[in-house]
2 protein chains.
Amino acid sequence: MAAQTRGPGGRQPTINDVAALAGVSKKTVSRVINRSEFLTEKTRAAVEKAIEQLGFVPNPQARALAFRRNFLIALLHDNPNAQTVLNFQRGVLDAIKDSDLALLVRPVDRGSDKLLDDVRTFLEKQRPIGAMLLPPISENDELAALCEDLGVRYVRIGSAPLDDAKHCISSNDREVVAAAVRGLIALGHRRIGFVRGPAGFRSAAEREKGFLEALAEAGLTLPPELNAPGNYRYAAGIEAGEALLARADPPTAIFCSNDEMAAGVLSVAHGKGIKVPAELSIIGFDDSPTATHIWPALSTVRWPIREMGARAAQILVPDFLGPGAKVDDEDNVLPSTLVERQSVAPPPDRL
Amino acid sequence: MAAQTRGPGGRQPTINDVAALAGVSKKTVSRVINRSEFLTEKTRAAVEKAIEQLGFVPNPQARALAFRRNFLIALLHDNPNAQTVLNFQRGVLDAIKDSDLALLVRPVDRGSDKLLDDVRTFLEKQRPIGAMLLPPISENDELAALCEDLGVRYVRIGSAPLDDAKHCISSNDREVVAAAVRGLIALGHRRIGFVRGPAGFRSAAEREKGFLEALAEAGLTLPPELNAPGNYRYAAGIEAGEALLARADPPTAIFCSNDEMAAGVLSVAHGKGIKVPAELSIIGFDDSPTATHIWPALSTVRWPIREMGARAAQILVPDFLGPGAKVDDEDNVLPSTLVERQSVAPPPDRL
DNA sequence: TTGTATGCGTTATCAG
DNA sequence: CTGATAACGCATACAA
């Protein structure tokens with residue numbers, strides 16, 4: 001504990017108080033704070049002792065003014081999945097916990113035609129060190145260009161590596177989905193339905209690619225009537241389930257591009273008395289809380305979102321996180337993993 | 001759109017540029033920015049025109065330094081329910097959208113013995129205008145006292161009014177739960193099980209009060225064997241379901257203190273082949289996404305969390321939100337509402 | 001009603 | 001390696 005938390009006069013101690021106590025100039029104190037290399041071990045020790053004695057905490061507002069930069073990281077998101085956003089926030093906080101940084105959260109509206117103006121105003125006002133873009137807005141190149149233009153560091157989170165590797169943290173959705181579908185095929189499934197994600201989403205495209213890839217490897221194809229549209233929402237899962245399961249020749253397994261839609265398909269199955277997984281296997285994506293809260297628990301793909309948040313902070317502001325935080329730039333793909341639960345089984349024999 | 005976004009020399013325009021262009025002193029410009037009353041309509045117009053022309057945006061860092069206060073609202077939370085936190089964030093953003101404020105998010109660890117120190121350091125550094133405390137940490141009186149001590153405005157979110165009305169936004173959990181249980185009784189249920197929330201949580205206590213209240217009104221009691229412990233987690237719901245539904249004389253209805261636990265009870269029912277709602281009615285609390293993603297969709301209580309976020313901002317920083325944001329101080333109880341879906345029905349006749 | 005001088009707490013410049 | 005002085009952009013006190 002600090003000896004005292006107030007400077008002379010009952011105020012918070014300032015850099016001047018520290019300088020006076022240590023018998024140096026305030027610039028020297030500043031150098032200590034900012035870890036300048038040009039310092040005698042002796043003076044550094046003296047200053048640090050004074051800092052400790054006074055319980056001095058540098059004023060971020062003053063630093064921000066002088067640096068023309070706020071010690072903040074902005075999180076820009078328009079993500080429909082609350083758990084994803086919050087887990088990501090946790091990951092970022094894990095990483096910046098011992099730094100001087102704080103996290104600014106900014107929900108945006110990707111549909112708004114004022115999106116770019118909004119973000120520009122926000123960034124110009126807050127002047128954060130860097131910004132993090134969560135999908136789906138991470139796929140917006142104009143947004144990235146805007147950050148570049150404003151001199152705000154940025155990092156984009158995606159489901160596959162984007163153009164610029166050093167600005168991108170990604171998972172390997174395509175590969176994991178392919179692996180999951182291979183598993184289905186290995187169990188004997190041949191008629192496998194697919195519920196798509198929303199058009200224009202990179203994540204949706206990646207998942208579809210992985211799905212088709214695994215099918216192709218096994219010499220299978222996706223019949224158009226088993227390819228259902230979706231938008232990552234529960235209601236779309238309901239519709240897809242109605243469409244796929246009302247058929248005379250329903251699929252024996254359905255891959256859904258996220259858990260919410262999988263839950264929808266599962267509800268339809270329940271309603272129709274179709275037993276899962278005995279008569280129908282279902283796989284989702286996200287490993288959202290829903291996946292374990294429904295019955296039977298959903299086999300799904302876990303997106304390492306919290307780890308991605310931490311990694312994002314590490315590549316965004318490595319110079320603020322202390323020496324232990326260095327990461328390999330090549331190491332920006334964090335693998336998603338298949339989580340096997342109770343919604344998958346071999347197909348019923350009905351040849 | 002502004003005529004230009006850069007001042008002389010390619011920098012962002014400052015208050016000096018505005019003053020020069022408008023032919024006034026910078027103090028006058030400052031007065032316009034801060035909505036001083038002592039201004040001629042004419043000078044105000046001239047300044048505003050200059051501001052518009054230059055695309056001037058006041059630098060929040062400089063203002064923060066001068067004001068000794070950052071134009072930020074801090075959201076402190078340690079809430080297990082991601083959707084709740086994110087919806088609350090949305091509500092806050094709804095309210096501060098057109099203000100100069102931004103939202104700082106700070107997850108904390110309520111179990112840590114350093115909680116108070118962490119929050120103190122955070123508030124001293126960031127110097128936000130105010131802080132919002134979400135349950136369960138909103139129930140921590142020391143935290144509120146700390147805010148008071150540091151001169152940080154605060155507002156506590158709770159499931160029932162706390163001591164200090166003007167610092168508290170609350171819902172009426174007790175009343176709504178009582179109403180829900182009355183509904184169960186009206187349908188004919190007499191043996192009604194209860195799955196508790198975690199000990200020491202105000203929300204848990206309120207929900208239990210409401211439950212017992214409704215029972216008492218009808219001359220019923222809660223037999224100890226039908227009163228199951230819980231902690232707001234899915235696994236606790238599973239355990240409670242196992243305990244209650246394995247009995248020879250199971251309840252015909254179960255009220256669960258939140259949706260996650262209700263989902264757990266529902267899973268157990270599915271596993272045992274107990275039909276919901278025909279043989280067992282279930283009610284949850286939260287109206288989380290899970291409530292609609294499980295089958296059958298869960299009757300539950302909707303907590304007006306987004307509205308609470310907006311209201312919290314309104315009572316926290318009314319002076320920053322413009323004239324339209326005034327709210328009645330007495331109006332700080334936002335009613336939760338019963339959402340009736342498919343998990344409730346009359347009890348099976350088995351007399 | 002408006003302007004002048006000064007302060008907010010820190011960093012940058014540049015000389016020593 | 002260190003220090004004096006001037007920014008940084010805005011607000012307050014007090015004068016005019």
Side-chain angles (χ1 to χ4, degrees), chain A residues 6-47 50-51 54-71 100 124-127 129 320, chain B residues 6-48 50-51 54-71 100 124-127 129 319-320:
Chain A
R6 304 292 157 186
R11 316 178 329 279
Q12 295 248 6
T14 76
I15 199 170
N16 290 307
D17 302 323
V18 175
L21 181 59
V24 298
S25 78
K26 57 192 215 174
K27 179 58 197 173
T28 298
V29 177
S30 172
R31 288 199 176 91
V32 172
I33 296 171
N34 293 296
R35 299 196 180 88
S36 164
E37 304 173 44
F38 312 100
L39 278 175
T40 314
E41 213 26 73
K42 187 178 154 199
T43 54
R44 179 195 306 280
V47 171
I51 289 178
L54 293 173
F56 166 71
V57 178
N59 179 314
Q61 287 74 42
R63 299 187 82 197
L65 181 59
F67 273 128
R68 292 130 178 258
R69 193 103 280 175
N70 237 325
F71 286 55
D100 288 328
E124 280 183 343
K125 280 173 88 159
Q126 298 302 329
R127 295 179 171 274
I129 305 279
F320 290 81
Chain B
R6 303 293 155 185
R11 315 176 331 276
Q12 294 249 9
T14 75
I15 198 172
N16 291 308
D17 302 322
V18 176
L21 181 58
V24 300
S25 78
K26 57 191 221 174
K27 177 56 204 173
T28 300
V29 177
S30 172
R31 288 201 177 89
V32 173
I33 295 172
N34 293 297
R35 300 194 179 88
S36 164
E37 304 173 45
F38 312 99
L39 278 175
T40 314
E41 212 28 72
K42 186 180 153 199
T43 53
R44 181 194 304 280
V47 170
E48 281 177 345
I51 289 179
L54 292 172
F56 167 71
V57 178
N59 179 315
Q61 287 75 43
R63 300 186 80 196
L65 182 57
F67 273 129
R68 294 132 182 256
R69 191 104 284 172
N70 235 326
F71 286 57
D100 287 330
E124 281 183 343
K125 279 174 91 157
Q126 298 302 329
R127 294 178 171 277
I129 306 278
D319 41 340
F320 290 81

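Just so we're on the same page: letters track the sequence lines, and every chain starts at 1.
In this structure, B:L54 atom CG and D:dG9 atom P are separated by 14 Å, rounded to whole Å. If you take CD1 of B:I33 and P of C:dT2, they are 15 Å apart, rounded to a whole angstrom. Rounded to whole Å, the distance from CD on B:Q126 to P on C:dG9 is 16 Å. If you measure from atom CG of B:D17 to atom C1' of D:dC8, you get 13 Å, rounded to the nearest angstrom. C:dT10 atom C1' lies 15 Å from atom NZ of B:K125, rounded to whole Å. Rounded to whole Å, the distance from CG on A:D100 to C1' on C:dT10 is 13 Å. Between the CD atom of A:Q61 and the C1' atom of D:dA11 there is a distance of 15 Å, given to the nearest Å. A straight line from CZ of A:R31 to P of C:dC14 spans 14 Å, rounded to a whole angstrom.
In terms of polar N and O atoms assigned as donor or acceptor, the side chain of B:R68 never comes within less than 3.5 Å of the base of C:dG9 in a complementary pairing. Under 3.5 Å, the side chain of A:K27 and the base of D:dA4 form no donor-acceptor pair of N or O atoms.
Between A:S30 and C:dT11 there is a side-chain polar atom (N or O) within less than 4.0 angstrom of OP1 or OP2. Remark: B:N34 is in phosphate contact with D:dA11, judged by side-chain N or O atoms under 4.0 Å from OP1 or OP2. For A:T28, a side-chain nitrogen or oxygen approaches OP1 or OP2 of D:dG3 to under 4.0 Å. For the pair A:T43 and D:dT2, the criterion of a side-chain N or O lying under 4.0 Å from OP1 or OP2 is met. Between A:N16 and C:dG9 there is no side-chain polar atom (N or O) within less than 4.0 angstrom of OP1 or OP2. The side chain of A:T14 contributes no N or O atom lying less than 4.0 Å from OP1 or OP2 of C:dG9.
The nucleotide whose nearest atom lies closest to any side-chain atom of A:R63 is, among C:dT11, C:dC8, C:dT2, C:dT11. The nucleotide whose nearest atom lies closest to any side-chain atom of A:F38 is, among D:dT2, C:dT11, C:dT2, D:dT2. Residue A:K26 has its side chain nearest to D:dA6 when only D:dG3, D:dG9, D:dA6 are considered. Of the candidates D:dG9, C:dT2, C:dT10, the closest approach to any side-chain atom of A:A62 belongs to C:dT10. The listed nucleotides are D:dC10, C:dT1, D:dT12; the one nearest the side chain of B:F67 is D:dT12. When distances are taken from the side chain of B:L65 to each of C:dG9, C:dT10, D:dC1, the shortest belongs to C:dG9. Closest contact between the side chain of B:A66 and the listed nucleotides C:dC8, D:dG3, C:dT10 involves C:dC8. The side chain of B:P58 has D:dC10 as its nearest neighbour among C:dT10, C:dG3, D:dC10.
In terms of heavy-atom proximity, B:R44 sits nearest to B:V32 at CA-CG2, 4.3 Å. When all heavy atoms of A:A46 and A:A22 are compared, the pair lying nearest together is O-CB, 4.1 Å. Of all heavy-atom pairs spanning B:A62 and A:L65, the tightest one is CB-CD1, 3.7 Å. The shortest heavy-atom contact between A:R127 and B:N59 is NE-ND2, 4.3 Å.
Looking at heavy-atom distances under 4.0 Å, B:V24 makes contact with sugar-phosphate atoms alone, never a base. Within 4.0 Å of A:S36, counting heavy atoms only, lies no atom of the nucleic acid at all.
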Q | B:I33 and B:F56: CA distance, side-chain angles, deciding distance, side-chain contact (heavy atoms from CB on, under 4.5 Å) verdict | A | CA-CA 11 Å; B:I33 295 172; B:F56 167 71; 3.6 Å; yes
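Residues A:D100 and A:P60 are not in side-chain contact: their nearest non-hydrogen atoms beyond the backbone lie 4.5 Å or more apart.
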